[in-house]
Amino acid sequence: MPYRTLKAALVHLDGIGEVVWGMHQRGEVLAPGDVHPDDVDLLREVQARISAGIYHRGQAMPTSILAVAHGIQPKCIPRAFRHLVADGTLHHDEHGPHGPGYYVSAQPLPLP
């Protein structure tokens, strides 16, 4: 398999949270439910802000701002937020009041 094809596959799998791969990371396969190491701080911040009332029920998440602040690409937000969607903290709404995006549903549960 050509290196370019393998690299593209690994970048894609990293972007959706199936593996950890990058220039400064050793490769590893993530188990179902594992949080990507690049997303831990982002998830904790979002949970803390919801718990503190900074983000409230029905509020659209500032995904681009959060991605830049945590040094992840905006296209990786679904990878990070899938855990908060799974536990009911956030939901994705294509027709939300502020456009397509992630919205606060409930108080966060602790990270595994």
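Keep in mind that this is a model prediction, so the values were computed, not measured.
Rounded to the nearest 0.5 angstrom, Leu66 CG and Tyr55 OH are separated by 4.5 Å. Within the model, atoms CD1 of Ile50 and CD of Glu45 stand 10.5 Å from one another, a figure rounded to the nearest 0.5 Å. Annotation: the span from Arg57 atom CZ to Gln59 atom CD amounts to 13.0 Å, rounded to 0.5 Å. The distance from atom CG of Leu90 to atom CD of Gln47, rounded to the nearest 0.5 Å, is 9.0 Å.
The main-chain N or O of Ile72 is never found under 3.5 Å from a side-chain atom of His70 such that the two would form a donor-acceptor pair. Of the possible donor and acceptor atoms, one in the side chain of Tyr103 sits under 3.5 Å from a partner among the backbone N and O of His98.
Gly88 and Ser105 make their closest contact through O-CB, 3.1 Å (heavy atoms, listed as atom of the first residue, atom of the second, distance). In plain terms, the two heavy atoms of Gly33 and His83 that are nearest each other are O-CE1, 3.6 Å.
At a threshold of 4.5 Å between side-chain heavy atoms, the hydrophobic network of Ile, Leu, Val, Met, Phe, Trp and Tyr places Val68 and Ile54 in two separate groups.
In terms of the side-chain contact (heavy atoms from CB on, under 4.5 Å) criterion, Ser64 has no residue partners (sequence neighbours excluded).
A 4.5 Å side-chain heavy-atom check between Thr89 and Val104 finds every atom pair outside the cut-off. Taking 4.5 Å as the limit, some side-chain heavy atom of Leu42 sits within range of a side-chain heavy atom of Phe81.
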